[in-house]
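Here is how names work: the chains are called A, B, and so on, in the same order as the sequence lines, proteins then strands, and each is numbered from 1. Everything quoted here is computed from the prediction, not taken from an experiment.
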Amino acid sequence: MGDRHESREEVRAASGPYTHAPMSDRDLERLRANTRFEPAAVEPRIVQRWLDSGLFHPEPNGVREGGYCIAIPPPNVTGELHMGHALNGSIQDVLVRHHRMRGMRTKWILGTDHAGIATQMVVEKALAAEGVQRRELGREEFVQRVWEWRNHYGGRIVQQLKRLGASCDYSEERFTFDEDYAQAVAEVFVALYEKGYIYRDRYIVNWDPGTHSAISDLEVEEREETDTLYFIRYDLEGGGSVTIATVRPETMLADTAVAVNPDDERYRDLVGRTAILPLIGRALPVIADEYVKMDFGTGQLKVTPAHDPNDFEIGARHELDEVSVIGEDGRMTSEAGEEFAGLTVMEAREAVVAALEREGRIVAREPYTHSVPYSHRSGQRIEPLISLQWFMKMDELAAPAIAAVRDGAVKIVPENHRKVYLEWMSQIRPWCISRQLWWGHRLPVWCCEACGAIHVAARAPQRCPSCGGDLRQEEDVLDTWFSSALWPFVTLGWPRDTPLMRSFYPTDVLSTARDILFLWVARMIMMGIEFTGRPPFAEVFVHSVIQAPDGRRMSKSLGTGIDPSEEIEKHGADAVRFGLLAMSSTQDVRYSPEKVEQGQALANKLYNAVRFALLRIAEQPGVSLQTLQATPQPRTVEDRWILSRLQRGKREIAAQIETYDFSHAALGLYDFVYGELCDWYIELVKHRLDLDRTGTPPGGDQVQERRALSETLLHVMRETVALAHPVIPFVTEELWGHLGGEGLLAGASWPQPDESLIDADAEAEVGRAIEAIALLRGWRDSVSAKAGLIVPARIAAEGYGSTAASIGRLARLDLVASNGAGGVGAAEPVAAVPVPGGTVEVLSAEGLDLDAAKRRRETEQQRLQGEIARVQGKLGNEGFVTKAPAQVVEEQRAKLQRLQGELEAL
RNA sequence: GGGCGCAUAGCUCAGCGGGAGAGCGCUCGCUUCACACGCGAGAGGUCCCUGGUUCGAUCCCAGGUGCGCCCACCA
């Protein structure tokens with residue numbers, strides 16, 4: 001990073017004057033009246049300001065250096081925002097906003113996916129509700145209807161992304177079915193075809209009767225099911241029989257062989273003989289094949305090349321006939337015989353079993369649990385069928401994509417996904433890329449109706465180049481993932497050499513859930529390298545999957561889904577973003593409504609902290625908001641303390657964002673705002689801006705002091721708000737305006753840590769005071785001191801020189817000088833409260849239940865004695881003293897001393 | 001059948017070789033002039049089990065148990 005952002009104009013930094021007058025009296029009145037941040041009222045207005053500003057659209061300058069780019073995983077055009085989108089949107093937006101603030105030309109490529117099967121199914125369903133069937137309409141009309149649907153309902157998700165605050169480049173929205181995109185897809189297809197990577201083949205595929213299309217291996221999910229395993233006797237010609245075992249008796253109608261293992265002693269003499277297929281009477285050769293397991297079933301296997309992927313391979317090895325008895329509609333064909341033709345597969349199964357039973361051929365049956373393939377898309381059972389499809393050879397494309405990840409050109413975070421990727425890629429198989437759908441990129445393949453020749457070309461030929469005959473375009477469309485694989489470069493103008501390409505390719509990071517690591521990410525890497533010569537991104541960040549609060553999958557059908565848009569309406573986009581980031585990790589996580597509420601609380605807290613600062617400063621006599629500089633003017637130890645803590649905060653959150661550690665970034669922000677800024681700094685400085693109720697005009701020095709504190713406060717507030725902006729952009733943008741920052745915070749500079757403001761002494765002093773105050777408050781509570789009671793006390797401890805007054809105020813003590821002669825100062829203490837470095841002596845028992853204090857003291861003594869014994873035991877252990885690092889031993893000695901001091905003080 | 005991951009407070013999760021943490025929930029007390037979507041104080045834990053390594057294990061290693069997820073063509 002480094003010097004890239006240094007040219008940024010300083011005026012946008014958090015230190016600086018009010019450059020306009022944002023806080024008119026009316027604004028201040030409104031601020032005073034609104035004690036809560038109202039996201040629903042504020043956030044939509046801020047979205048509009050961002051959009052109008054043009055900040056989200058970077059002008060391409062043709063130079064990759066100094067740019068930052070993310071391509072959004074394009075959501076389905078018909079989709080609605082779900083939790084995965086919301087989380088990934090939040091993650092990408094944190095990255096994008098952070099880099100934009102660091103002065104980089106930042107582009108977040110936006111667009112939607114035509115999502116072949118999914119969209120076709122949605123529209124088909126909608127049409128069905130009107131009583132219209134896809135086939136009645138015809139292809140052209142149907143595709144027209146899908147476009148209408150898309151123009152009407154599509155892009156809702158883009159609106160939802162805006163509402164989330166995602167700072168995508170909305171001015172250049174892309175669609176994987178745009179004309180340019182389609183042209184690029186065709187060119188890629190042609191190039192791969194010409195290289196011999198794409199080919200057509202009759203092969204057994206995963207046929208999805210639901211979508212009436214082939215689908216890829218990755219779209220198949222296996223489900224455990226218990227079926228019946230039937231043992232069926234086939235007679236042998238010339239006497240004897242074999243018994244095969246199957247869970248799919250209906251496919252026996254398509255058997256073309258019986259196989260045994262060549263090493264199986266039992267059946268050696270069967271090989272070469274002929275079995276008779278029951279019900280059909282077809283002669284089946286008995287063959288020997290290694291695939292057959294000797295220890296499964298009978299060791300005799302029916303071979304059905306047309307309806308089982310393994311049998312298909314066996315068939316290919318032995319040149320067996322392929323008989324298809326199940327059609328693409330999932331029903332039995334005429335090949336199955338009159339008795340069964342037209343039945344569904346399940347009906348046929350019953351009928352075949354009944355027929356076999358009549359012939360006395362069922363030898364046995366037993367329950368059998370196995371995995372059954374189902375279509376991820378339609379939910380229907382996959383029917384393996386032989387079909388003429390287009391395939392893509394993957395080995396050559398995979399090799400460089402493997403190397404890219406193995407050698408670190410593409411870094412996968414978290415690391416464990418790297419191994420999964422490499423393993424999957426190393427055993428990659430051909431990809432079936434054709435789909436028998438209507439909505440999608442049609443294959444750029446033309447068939448001559450006269451001579452049957454096939455022409456593959458990116459632009460439609462007029463007539464057959466071979467014979468001049470009429471051409472007909474291939475009916476099939478491409479798998480959606482074929483076009484999405486080109487997303488990071490086609491969206492930038494590829495194959496043309498555009499300024500966009502030169503400015504933003506390759507992209508910086510791809511953020512996604514792991515479910516599409518193979519379907520999409522791996523294919524993008526392969527295609528990116530093949531067509532642009534470079535991987536399409538330097539890093540892949542794999543984020544959590546958000547599950548329902550009860551640990552089940554979030555899904556509409558289960559009723560476990562939580563709609564992020566509803567959560568945004570209820571709690572605000574800031575809250576949802578914070579919540580999702582805070583709950584995310586490298587694991588899958590359960591949705592935690594509490595984290596969203598925590599985010600909402602943070603936004604409100606920050607709002608009120610700024611509200612306090614501005615209202616209180618505005619009321620100072622002799623101080624005008626308009627003339628203040630938001631610069632650090634430390635006057636006291638707490639000023640130095642907060643400035644020091646702030647520098648550390650800036651350093652930490654930047655590092656966390658850069659290492660994709662979003663939960664710690666979000667929670668660290670919360671801790672800083674609550675645990676340091678609000679609980680302590682504001683409480684410590686409040687009195688310095690006290691309103692003077694006596695009406696006495698302040699002296700000149702006092703005005704100077706108040707002015708200095710005001711400037712420090714403004715500075716701290718502006719920097720905090722800037723720091724929080726990537727995570728909670730809305731409330732921070734709103735407050736930035738109130739704080740007089742120039743322009744929009746979205747376009748402001750990221751606050752850089754100023755090492756000179758780090759102050760270890762101040763941190764130690766205030767840290768000690770905080771500890772003491774907490775102990776004193778605990779003591780007060782234990783003696784039932786009323787909240788308003790001011791207790792006379794004296795500090796008898798080292799190290800409170802500059803914080804004693806603060807301790808008095810925040811612990812509600814009336815502190816007297818330690819050596820005060822006469823008066824209460826000389827009084828005998830009635831109690832001593834141990835604090836770091838000594839005790840605080842309590843000088844009056846009035847209003848205190850000191851018996852309770854005594855009981856408390858006793859349990860405290862016990863605790864201390866226990867701890868002392870433990871540390872002494874450790875130090876008495878020779879092994880510890882000689883083997884442990886000297887520093888650790890020293891720490892234990894110091895601890896012992898401290899504990900003994902505390903015990904004594906009691 | 002392979003692979004990966006997780007078991008810490010009532011819930012959701014951080015932490016990770018030397019004093020068990022957060023948010024929410026719970027209890028008690030607060031109209032303390034930013035915030036009751038708030039403030040202050042508390043209670044609550046054989047850090048899954050069994051071994052091992054170590055001066056020392058919630059943390060490292062091995063095994064076990066339970067729960068997720070991914071990949072896989074045994075009828």
Side-chain angles (χ1 to χ4, degrees), chain A residues 31-32 35-37 204 217-218 222 229 244-248 251 259 291-293 295-304 308-313 368 370-371 373 384 416-417 419-420 423-424 427 514-515 517-518 545 547 549 551 571 575 579 582-583 585-595 597-598 600-616 663-664 667 670-671 675 678-679 682-683 686 690-691 693 773-774 777-782 784-788 810 812 867 870-871 874 877-885 887-889 891-892 895 899:
Chain A
L31 194 61
R32 193 189 315 277
T35 60
R36 286 184 196 168
F37 178 68
I204 192 150
D217 296 339
L218 286 169
E222 303 284 336
L229 183 64
I244 58 88
T246 181
V247 285
R248 301 202 58 193
T251 63
Y291 170 76
V292 184
K293 301 280 176 291
D295 55 2
F296 188 90
T298 58
Q300 300 170 330
L301 176 71
K302 76 195 252 310
V303 183
T304 320
D308 183 284
N310 301 308
D311 294 8
F312 181 84
E313 299 291 340
Y368 182 63
H370 63 143
S371 55
N416 55 319
H417 293 287
K419 199 180 150 192
V420 180
E423 230 153 79
W424 185 79
Q427 48 188 45
R514 54 159 203 283
D515 53 350
L517 199 59
F518 306 140
V545 172
Q547 300 167 332
H571 303 284
M583 72 184 84
S585 77
T586 57
Q587 307 290 328
D588 288 355
V589 290
R590 298 178 183 208
Y591 185 76
S592 161
E594 293 86 0
K595 285 280 184 294
E597 281 159 23
Q598 196 180 349
Q600 189 176 3
L602 174 63
N604 189 57
K605 190 76 171 174
L606 200 52
Y607 169 81
N608 271 293
V610 171
R611 176 169 171 265
F612 164 80
L614 288 174
L615 291 176
R616 195 55 76 82
S663 64
H664 287 103
L667 292 169
Y670 179 94
D671 285 341
C678 293
D679 287 352
I682 288 182
E683 294 304 324
K686 250 179 190 169
D690 256 351
L691 304 179
R693 297 247 158 93
I773 291 165
R777 284 172 172 170
W779 177 84
R780 285 182 64 105
D781 215 54
S782 74
S784 310
K786 288 275 182 224
L810 296 190
R812 307 209 145 220
E867 267 200 68
R870 221 159 51 89
V871 177
K874 213 177 231 186
N877 180 339
E878 201 180 320
F880 174 74
V881 181
T882 55
K883 293 191 182 173
Q887 194 201 335
V888 173
V889 178
E891 275 167 17
Q892 293 298 318
K895 181 178 167 187
L899 291 170

Using atom [atom1] of each nucleotide, how far apart are [N] and [M] to the nearest Å?
N	M	atom1	value
G40(B)	U53(B)	C1'	46 Å
G51(B)	A9(B)	C1'	28 Å
A62(B)	A22(B)	C1'	33 Å
U27(B)	A43(B)	P	15 Å
C61(B)	U54(B)	C1'	12 Å
G21(B)	U46(B)	P	15 Å
C67(B)	U8(B)	C1'	16 Å
C39(B)	G68(B)	P	39 Å

Nearest 0.5 Å, what's the [atom1]-[atom2] distance between [X] and [Y]?
X	Y	atom1	atom2	answer
Phe612(A)	Leu31(A)	CZ	CG	12.5 Å
Asp588(A)	Gln547(A)	CG	CD	5.0 Å
Glu313(A)	Ile204(A)	CD	CD1	9.0 Å

So if I define the base as every atom that isn't primed, P, OP1 or OP2, how would nucleotides 68-75 of chain B read as a B/S/- string at a heavy-atom cutoff under 4.0 Å?
-S-S-BBB

B/S/- contact track for nucleotides 23-29 of chain B, protein heavy atom under 4.0 Å:
SS-----

Students often get this wrong, so: under 4.0 angstrom with heavy atoms, is His571(A) touching a base, only sugar-phosphate, or nothing?
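Nothing, no nucleic acid heavy atom in range.
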
NA contact type, Arg611(A), heavy-atom cut-off 4.0 Å: base, sugar-phosphate, or nothing?
sugar-phosphate

Ignoring hydrogens and angles, tell me if any N or O in the side chain of [X] forms a donor-acceptor pair with the backbone of [Y] under 3.5 Å.
X	Y	answer
Arg780(A)	Lys786(A)	yes
Asp308(A)	Pro384(A)	no
Asn608(A)	Asn604(A)	yes

Given atom [atom1] of [X] and atom [atom2] of [N], what is their separation to the nearest angstrom?
X	N	atom1	atom2	answer
Trp779(A)	G42(B)	CH2	P	14 Å
Arg777(A)	C30(B)	CZ	P	16 Å
Glu878(A)	U54(B)	CD	P	17 Å
Asp690(A)	U32(B)	CG	P	15 Å
Asn608(A)	C37(B)	CG	C1'	10 Å

Could you check if a side-chain atom of [X] sits within less than 4.5 angstrom of a side-chain atom of [Y], using non-hydrogen atoms only?
X	Y	result
His417(A)	Thr586(A)	no
Leu301(A)	Phe296(A)	no
Asp515(A)	Val545(A)	no
Leu602(A)	Phe37(A)	no
Lys605(A)	Tyr670(A)	no

Provide a list of protein-nucleic acid N or O atom pairs under 3.5 angstrom, restricted to nucleotides 17-19 of chain B.
unit_1, atom_1, unit_2, atom_2, d
G18(B), O2', Lys874(A), NZ, 3.3
G18(B), O2', Gln892(A), NE2, 2.9
G19(B), N1, Arg898(A), NH1, 3.2
G19(B), N1, Arg898(A), NH2, 3.2
G19(B), N2, Arg898(A), NH1, 3.1
G19(B), N2, Arg898(A), NH2, 2.0

With sequence neighbours left out, what residues match Phe312(A) under ring pair (Phe, Tyr, Trp, His ring centres under 6.0 Å)?
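Scan of Phe312(A) (ring pair (Phe, Tyr, Trp, His ring centres under 6.0 Å), adjacent residues dropped) gives Tyr203(A).
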
Looking only at the side chain of [X] (C-beta and beyond, no hydrogens), which of the listed nucleotides [options] gets closest?
X	options	answer
Asn877(A)	C55(B), A41(B), G3(B)	C55(B)
Ala774(A)	U32(B), A41(B), G5(B)	A41(B)
Arg590(A)	G38(B), U12(B), C37(B)	U12(B)
Arg812(A)	U32(B), U12(B), G15(B)	U32(B)
Asp679(A)	C35(B), G5(B), C39(B)	C39(B)

Residue met sooner reading RNA chain B from 5', once Lys686(A) and Ser585(A) are mapped to nucleotides
Ser585(A)

On RNA chain B, check which nucleotide each of Ala601(A) and Gly879(A) is closest to and give me the residue with the more 5' one.
Ala601(A)

Give the minimum heavy-atom separation between Thr246(A) and Lys302(A), together with the two atoms involved.
CB-CD, 3.8 Å

Go through the structure and list residues passing side chain to side chain contact (heavy atoms under 4.5 Å, CB included) with Gln600(A), not counting sequence neighbours.
His571(A), Ala575(A)

Consecutive-pair stems (3 or more, Watson-Crick or G-U, under 3.5 Å) for RNA chain B
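Stems found: B:1-7 with B:65-71, B:10-13 with B:21-24, B:26-30 with B:38-42, B:48-52 with B:60-64.
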
Axial cation check for Tyr291(A) ring with Lys293(A), 6.0 Å and 45° limits:
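Yes, Lys293(A) sits over the ring of Tyr291(A).
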
Residue-phosphate contact under 4.0 Å: Lys419(A) side-chain N/O, G3(B) OP1/OP2
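No.
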
Flag for Gln887(A)-Glu891(A): side-chain donor and acceptor within less than 3.5 Å
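Side-chain D/A pair, Glu891(A) to Gln887(A): present.
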
